[in-house]
Amino acid sequence: MTEEDVFRFWGKTSGNVVHPAVCHMLDTGIVACELLMVQPHGFISKLADEFGITTDALPQLAAFLAALHDIGKISPGFQAKRPDLSAPLKLEGYVFSRADEDRHTLSTLETLPDLLIDCLQCEDSLAIALSRALAAHHGVFTGQEAQKVGAGKWIKARRAALEFLSRLFWDKSLTGLGFPSTPALVILAGLVSVSDWLSSAEENFPYLTCPRPDLREYVADRTQKARELVSRLRFDVSSPAATEFHQLFDFTSPNPSQTVTLQTVNELHHPMLVVIESPMGSGKTEAAQAVYAHLSCEAGLRGMYYALPTQATGNAMLPRTARFLTRLGLETGTELHLLHTNADLNQDYERLRISSLNAEPGDVSASSWFTARKRGLLAAHGVGTLDQALLAALKVRHFFVRLFGLAGKLLVLDEVHAYDAYMVEEIYRLIGWLAHCHTSVVLLSATLPKARRKKLIQAFRPEVEVPDDIRYPCVTGVDISGAFAAHPIEGLKPDTIYVEPVIAESTDKPARILSLLLEKLADGGCAACIMNTVGEAQDLHELLRHHFPADEVLLFHSRFTLERKLRIEHDILSRYASDGKRPHRGIVIATQVIEQSLDVDFDLMITDLAPIDLLLQRAGRLHRHERARPQLLRPRNLWVLMPEFRSRLPDFGGSEYVYTPDILLKTALLFSAEEDLSHLEVSIPTGVSALIECVYGDDFPPEVPEHLLGPMRGWEAKRLGDETSQTFFAACSALIEAKACLRDPDYLGQISMDNDDDCAIVTRLTRPNVMLVVVENGRCLTVADKAEERKLFSSTVATDNTAIVKHFLAKEPPGEWADSPLLRHCRPLFVSGGKSVERPDLSYDDEFGLRFAR
DNA sequence: AAGAAAAAAAAA
Ligand SMILES: [Fe+3]
Ligand SMILES: [Fe+3]
């Protein structure tokens, strides 16, 4: 076969313009090569080691392999998809049949191993492993058998194509090649997919206009185009010009948390895992950013992803990260993206996207290429939900593209203490894979139970010894070679919280709260009442507004529309934030929304019983700053309402369904002294870990009274059972642990993607829920433009109330919203005079939010 | 009868 014939198989078409398969393969190889050329040396050298070749040779090898991804297109099944183009082949004796494989990725997997073995003396099992990575480029590592792929002339044609590409990229045999670890194969698959996406954009790589190009010219031209594209999308990350604290932040020298963090990092080598446990407000974010600056200089990083528990906290972190990156002074500027389902709606992100349209060198901005759903993590820098990162280690399509996106970077996970057993298991799996993808990980957390700290560290480096006597606040770290470091954080400002138990049953709770408020607010003051259930918060609000002027009480929970939530949050911040205009007297009634991330400061706090860590979290909003306070509210007292438990089985009411009763009871028992109740004096930060360990550890030291022993054991068993099943479920959703398949590439072919249906795999376990759009009755549902769509979306309220969910999920979403990405999953809630027109037991208004009659 | 929270079309 002459070289000319290699060009006669089509690969891509649009109308009459045909791009030969080998040209697309060439384009893809060239892009892969250019992508690798701009990666940090440490990353390249890690991959080169995996393949047992020199760093100089790696881009060439990767380019060659990437190019081969579509060799399966030179097959009867694929060529027959354009009968007009396959007809001449038929006349020349290329055989077509009805049983031809039409999925070209399967054809690649079927045909490539033999070619690699025969033409390049590749070792058998390596040939299969490599082919599998290339054949995954539609999102799935397949183990499926292909149908007919063509024999005789077809084999000769594929062989000619391979030899043609080999002459251009890799002119040697593959005999001496090392066998890469499974994570390295996954990275290869990611690189190949990304190169394929980039090279498939016709505006960047126009289809051939003549039947046979001048090869040298063609390659030079495509190389130029690929290089421009890679630099335009800023896949390269230049090293920071500024690394001094006063250059990066608004303060001149590191505080204790940051000093100890850098001390720990200095004892380890990239890739490493570092756990920073210290109180909120101790500058953990800046500590993580300082680690990024440090590792960028020392080791060279591909970028950073900062993962948070919610979309809202992600939104808030975006401008902070933009400021940090600007101060880092990256010469060519860089990409920064916001990653979550509703990122489009964020103003700051929109600004970054607009500024990329005419980016100046040195700018931090966001190119639109990365805004597609699966591409965000490929951008050098990102901020967003943890979920986006978790998808890199779940059995979902293109997980390996996400893993490639995170490879070689720094991943920061914030608020690690806040996740449940399901998500923690996903985190373990992700960390385990990233350790082998040359990624460093920083975990930011409040106090962790020691068992969890240990598991997080061992997820990165399995056999490492973790001492049991690590004392909060502290920084702990381990690197891939097994070096371990742990240091206490000393010199934080000590403080004390006085936690006061108040016995109250759910029936007399509102009255108790009212009398406490009347007594303590006699000279004025700012109070927060935190209830565990929305219903009780609503009821309390109803009572309090009869005893206080309307402008002094404010209700806040998550069952308001998005728009209203923002409004309430704004009102709360304007009054109770550190720089707020504090009223003489004011009361906020809230659920757990208030314990999330709001920087607010109350003089008085009354709360429902909650697990000890959450009580302390809530207390973080009590006397947060130093300021003058009313006489009666000078002591930092946290009033905790709890049911009677000394003489009988406590009735936790609705709280029982929010928190597990054994943890609630163990927390309550912290207050029991002999027959009586006593307050609890908590020293911050030193006294915290003993309390956490006491409630969450394996043996609960305080004596459990006789009458509670049985129920406690039952609740404990149930909780452990629930956690085990969550962990098991997460284990099924996630890839197996990296350490279990490091040398077993066959695992990749066995990953079952749940019938290719992503929906079945979730990042979080939730009760079924529904998004409702609050709509005035009679209003028409059509959306004329983007503005109207956003307006409706801002009226959404989510609920997981069983009866309501059942009612609304039984109906189809309105056809008018089917094309709207924002509203596609929503149902309208028609209201008239604050009441649902469909269900008399359901109401919505801006004062109470969504409310169910009980 | 139960908090808050995410994701969800489809990439070549
Ligand atoms: Fe393809
Ligand atoms: Fe392709």
Side-chain angles (χ1 to χ4, degrees), chain A residues 11-14 19 24 27-28 31 69-70 73 104-105 137-139 192-202 204-205 307-314 339-343 369 372-375 384-391 394 396-398 401 415 418-420 422-423 426 506 530-537 556-559 565 590-597 608 610-611 614 618 652-661 756-769 771 798-805 813 818-826 852 854:
Chain A
K12 294 192 170 281
T13 59
S14 68
H19 200 48
H24 168 64
D27 295 345
T28 307
V31 170
H69 78 284
D70 269 348
K73 284 188 172 175
H104 69 269
T105 51
H137 70 269
H138 287 185
V192 170
S193 263
V194 173
S195 305
D196 191 25
W197 295 355
L198 287 165
S199 68
S200 298
E202 206 182 337
N204 296 322
F205 297 91
L308 292 135
T310 67
Q311 298 185 351
T313 46
L339 276 68
H340 61 68
T341 320
N342 300 313
W369 190 82
R373 194 162 65 88
K374 293 176 179 174
R375 295 183 187 167
T385 51
L386 171 63
D387 308 70
Q388 296 291 325
L390 292 175
L391 289 167
L394 296 186
V396 295
R397 290 180 78 95
H398 289 116
V401 167
E415 316 245 19
Y419 297 111
D420 63 10
Y422 182 81
M423 293 188 80
E426 292 176 296
S506 36
I530 307 180
M531 301 288 103
N532 287 347
T533 68
V534 176
E536 283 184 292
F556 189 30
H557 53 68
S558 79
R559 251 188 264 142
K565 266 193 282 193
T591 57
Q592 295 83 336
V593 280
I594 199 97
E595 82 193 16
Q596 295 303 312
S597 55
D608 267 337
L614 297 177
R618 292 175 188 185
F652 293 117
S655 298
E656 171 184 357
Y657 303 101
V658 178
Y659 305 111
T660 66
D756 294 5
D757 180 4
D758 279 16
C759 298
I761 300 277
V762 291
T763 53
R764 303 181 188 218
L765 289 185
T766 52
R767 294 188 290 275
N769 55 64
M771 293 264 280
T799 179
D800 56 12
N801 175 285
T802 331
I804 305 300
V805 170
D819 294 327
S820 155
L822 290 175
L823 303 170
R824 208 155 32 97
H825 304 284
C826 299
F852 321 121
R854 280 174 302 161

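To find a chain, count down the sequence lines: A is the first, B the second, and so on, and within it residues start at 1.
The side chain of A:Q592 sits closest to B:dA4 out of B:dA4, B:dA12, B:dA10. With B:dA4, B:dA12, B:dA7 as the candidates, the nucleotide lying closest to the side chain of A:N769 is B:dA7. For A:Y657, the listed nucleotide lying nearest its side chain is B:dA2; candidates were B:dA9, B:dA2, B:dA7. Checking B:dA6, B:dA4, B:dA12 against every side-chain atom of A:T591, the shortest atom distance belongs to B:dA4. The listed nucleotides are B:dA6, B:dG3, B:dA7; the one nearest the side chain of A:V658 is B:dG3.
Taking atom CG on A:L339 and atom P on B:dA5, their separation rounds to 20 Å, with Å as the unit. Remark: P of B:dA11 and NZ of A:K12 are 14 Å apart, rounded to the nearest angstrom. Distance, A:R767 CZ to B:dA5 C1': 11 Å, rounded to whole Å. One atom, CG of A:L390, and another, C1' of B:dA8, lie 16 Å apart when rounded to the nearest Å. The distance from atom CZ of A:R824 to atom C1' of B:dA7 is 10 Å, rounded to the nearest whole Å. Rounded to whole Å, atom P of B:dA4 lies 17 Å from atom CE of A:M423. In this structure, the NE2 atom of A:H825 is 15 Å from the P atom of B:dA6, given to the nearest Å. A straight line from CG of A:D196 to P of B:dA11 spans 13 Å, rounded to a whole angstrom.
The phosphate of B:dA5 (OP1 or OP2) has no side-chain N or O of A:Q311 nearer than 4.0 angstrom. Contact annotation: A:R559 reaches the phosphate of B:dG3 (side-chain N/O to OP1 or OP2, under 4.0 Å). Within the 4.0 Å cut-off from OP1 or OP2 of B:dA4, not a single side-chain nitrogen or oxygen of A:T766 is found. A close approach under 4.0 Å does not occur between any side-chain nitrogen or oxygen of A:R397 and OP1 or OP2 of B:dA10. The side chain of A:S558 contributes an N or O atom lying less than 4.0 Å from OP1 or OP2 of B:dA4. OP1 or OP2 of B:dA4 has not a single side-chain nitrogen or oxygen of A:H557 nearer than 4.0 Å. Contact annotation: A:R375 side-chain N/O to B:dA11 OP1/OP2 distance is not under 4.0 Å. Taking 4.0 angstrom as the limit, A:T385 places a side-chain polar atom (N or O) nearer than this to OP1 or OP2 of B:dA7. OP1 or OP2 of B:dA7 has at least one side-chain nitrogen or oxygen of A:T341 nearer than 4.0 Å.
Between A:M771 and A:V593, the residue anchored closer to the 5' end of DNA chain B is A:V593, taking for each the nucleotide with the nearest heavy atom. Annotation: of the two residues near DNA chain B, A:G535 and A:D70, the 5′-most nearest-nucleotide partner is A:G535.
A:D387 and A:H340 are not linked by any side-chain donor-acceptor pair at a separation below 3.5 angstrom, with hydrogens and angles left out of the test.
You'll find the side chain of A:Q592 reaches within 4.5 Å of the side chain of A:N532, heavy atoms only. For the pair A:Y419/A:E426, no side-chain contact is recorded, criterion being any heavy-atom separation below 4.5 Å from C-beta on.
When atom types are taken as modelled, the side chain of A:K73 and the backbone of A:G11 share a donor-acceptor pair closer than 3.5 angstrom.
Atom P of B:dA9 sits at a distance of 22 Å from the matching atom of B:dA5, rounded to the whole Å.
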Hey, mind stepping through A:H138 and A:H69 against ring-ring contact (aromatic ring centres under 6.0 Å, His included) and telling me if it holds? CA-CA 10 Å; A:H138 287 185; A:H69 78 284; 8.7 Å; no
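Residue contacts for A:E595: at a heavy-atom cut-off of 4.0 Å it reaches no nucleic acid atom on any strand shown.
Taking the centre of each ring, A:H137 and A:H104 come in below the 6.0 Å mark.
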